[in-house]
> 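Questions regarding the structure given below will be posed in turn.
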Amino acid sequence: MNMIANWFGGSADVDARRRALLGIGSFLLPLLAWCLISYTPFIWHPKVLVTDPGGVDYFQVDMRVDKAMFKEEVANMQQAHLALPQGQPSNPIYLPAPDEVAKAFYNGFVNPPSNTDVPSMPASLWHSIQIIFWGFLLSSLIGVPLGILSGTYATLGRLNEPFIEFFRYLPAPAFGALAVAILGIYNGPKIAIIVIGTLFQQVLIIANTTRKLETTLIEAARTLGSKNLKLLTKVVVPGILPDLYRDQRILLGWAWTYLIVAELIGTSSGITWFITQQARYQHFDNVYAAIMTIGLIGFGSDLILARLGRRLFPWDRTQDRQ
Amino acid sequence: MNLMEPILPSYLDQSDAVRERFERIRQRETILEVRKLGKRYRSPQGEVEALRGIDFSVRRREFVCVIGPSGCGKSTLIRILAGLDKHTSGEALLDGKPITGPGQDRGMVFQGYSLFPWLTVKKNVMFGPHMKGEGNDQAERDAQLWLELVGLEKFADAYPHQLSGGMRQRVAIARALVNQPRILLMDEPFGALDAQTRAKMQSHLIDIWRNIDVTVLFITHDLDEAIYLADRILVLKAHPGEVQEVIEVPVPRPRTPGQFNSPEFRATKARLEALIHPAPEPLPEDEQAVKPHMIRFTDVHDNVE
């Protein structure tokens, strides 16, 4: 009981190491489960990987067949007094083992394919990152000022928020065909989908954050002689800045989730093109490697931004609790 | 009644020195004049009259406390004077000019400190001068000066969250005074402080007031605090907020904590208590509904009293 209390409550300084350990553990646990399923032959493994077809005419080396079918063929061969097929338990092709994915990941970056038909993983990723960057930048250029203004001036908020509230329920991919008709088939419609997917949430979230600024801070500033534009630039904006930064981090993650859908619109491109191509050739190790790279980039950039936030806003108390 | 208890003098009795002092205050010019001030507003429960016919004036360098039960509109009154709320009738004049909105001629200190958390202590104090259009150097010199006055020059580069409650309120006072307002409006500024810090801040505030040309209007619900600080106490009553009495505090200056037991102090406090808690008010309905049913959970012989 006491130990449980220590792990869950506890004081802040002792917790730092435990928190790091738990954080690593949260990644190790799923990895462990994956290893168990992949490397323990008696867990799951519903297929048999043929190593020697024996007398079965349609079996080939490296073919995966159902366990039941393999047993049946073994029995058939025994009756026919032909060579027995050999094989080892294996998982379906769509679940590669961790080492295979790790190899694919390494090869993806170190030995890009010589074949120019197949896009390389770094090039695909770079293209995707550019789409995200421009989509998020465009969305922020409109969404951040509009959100702050809507949160500060009630009239403006009431004028646009009901419509935005309505619009945010329209699924962004639904605009795909329209975006292609207007913006062509290359990067334009993809960036547009990311903007549509992010912008409307952004305005509402930032307006809400702005409204949560303590009114007494604004009142204090007014008694000290600030009004209108100065009130906005010297009090409202710096007052919400740490929260605004946090909102932007969450919204950037949001933009990433729209990436795959966006890249399917018009000509498929970027990491989505890479993933669909590799899946078509049944190179699922590459597919997993690419999906995980998206996760790593998203998670990694958020970690960096969180660190940066602590540097940028030393006065922000809520960060201590993260 | 205890026979050993000496009979208190009337709170209206003033020693010669005190009477003379009030005479001198009355000679000074009026800084703040409030005439027939009223405030009504609509609420979900219907129209509420927060203030009705408030009349009083404050002379230059006078220290006036406003006291009253909760709901008497003392916060509304100070917010109207600060220009943060609008009154609906009557007028409020500062140096003869009507108050229409917030301005640097009135400084305000809030109960919740309301320091800007993203600015250091010094930058907080420099906020007002910057708004006035002062350059960085001038603003910094001013800030330095006022931080020294409140004793926080060593904490100039700290952020508000690194300071204790008392220190934060000192910064708030410096930030309000750096604009050299005609009147300092204080809305229960020490309400959130512990008793010891509060006493220290009260003495410090009197020190500041003694040394600079500023008039103070101070809201509190603490009777001792009001008597200890004020020249005059404006007693409000609730529903609607009206002036019940203006008391000239007969406790001589300079004030010391030792005076808390003086006959004048106790007489004034007795009067304030009579004004603010007259008859025991009936409890609000939700409080009446609470009837604890006490059950014995310990051994019958295990008594604590």
Side-chain angles (χ1 to χ4, degrees), chain A residues 12-13 144 147-148 151-155 206 209-249 305-322, chain B residues 75 78-79 81-85 99-121 123-134 139 143 157-163 168 171-181 183-187 189:
Chain A
D13 40 313
V144 172
I148 292 175
T152 311
Y153 302 108
T155 322
I206 291 175
T209 296
T210 310
R211 272 190 282 269
K212 275 198 248 159
L213 181 68
E214 272 177 73
T215 34
T216 52
L217 288 183
I218 299 192
E219 286 175 350
R222 288 176 67 205
T223 64
L224 292 168
S226 71
K227 42 181 117 153
N228 306 331
L229 194 64
K230 281 223 169 139
L231 207 54
L232 197 67
T233 58
K234 301 279 179 193
V235 184
V236 175
V237 172
I240 64 165
L241 212 51
D243 288 324
L244 179 71
Y245 185 82
R246 242 191 305 280
D247 288 348
Q248 287 289 83
R249 268 172 52 201
L305 289 175
R307 279 274 164 85
L308 191 68
R310 239 163 280 169
R311 277 278 182 85
L312 286 173
F313 313 114
W315 69 88
D316 185 28
R317 302 283 66 209
T318 47
Q319 284 179 346
D320 296 353
R321 274 180 269 130
Q322 282 182 351
Chain B
S75 274
I78 207 163
R79 286 176 59 83
L81 298 178
L84 296 172
D85 275 347
I99 291 170
T100 53
Q104 290 201 324
D105 48 6
R106 282 147 292 144
M108 176 102 166
V109 176
F110 299 81
Q111 177 174 7
Y113 319 125
S114 67
L115 298 176
F116 304 125
W118 61 91
L119 297 178
T120 59
V121 164
K123 294 259 171 67
N124 259 285
V125 181
M126 284 161 69
F127 189 89
H130 273 317
M131 287 302 134
K132 226 189 289 177
E134 258 180 36
D157 294 318
Y159 281 103
H161 71 80
Q162 295 167 309
L163 306 183
R168 284 185 213 186
V171 180
I173 291 170
R175 186 178 68 169
L177 287 178
V178 70
N179 287 334
Q180 306 201 303
I183 188 164
L184 185 63
L185 305 167
M186 306 184 86
D187 188 3

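Order of the sequence lines fixes the chain letters, A, B, ..., with proteins taken first and strands second; residue numbering starts at 1 for each chain.
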> Need one label for B:R79: side chain, backbone, both or neither, based on atoms under 4.5 Å from any heavy atom in chain A.
side chain
> Can you tell which part of B:L119 gets under 4.5 Å to a heavy atom of chain A, answering side chain, backbone, both or neither?
neither
> Could you tell me if the side chain of B:I78 sits less than 4.5 Å from the side chain of B:M108, heavy atoms only?
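B:M108 vs B:I78: side chains touch.
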> Under a 4.0 Å threshold between the charged nitrogen and the carboxylate oxygen, would A:D316 count as salt-bridged to A:R310?
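Judged by the 4.0 Å cut-off on N to carboxylate O distance, A:R310 and A:D316 do not form a salt bridge.
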> Please classify the contact of A:K234 with chain B as side chain, backbone, both or neither, using a heavy-atom distance under 4.5 Å.
both
> Checking side-chain contact (heavy atoms from CB on, under 4.5 Å) for the pair A:I148/A:I240: CA distance, chi angles, key distance, verdict?
CA-CA 9 Å; A:I148 292 175; A:I240 64 165; 3.9 Å; yes
> Is a donor on one side and an acceptor on the other found under 3.5 Å between the side chain of A:T210 and the backbone of A:I206?
yes
> Give, as side chain, backbone, both or neither, the part of A:E214 having an atom under 4.5 angstrom from any heavy atom of chain B.
neither
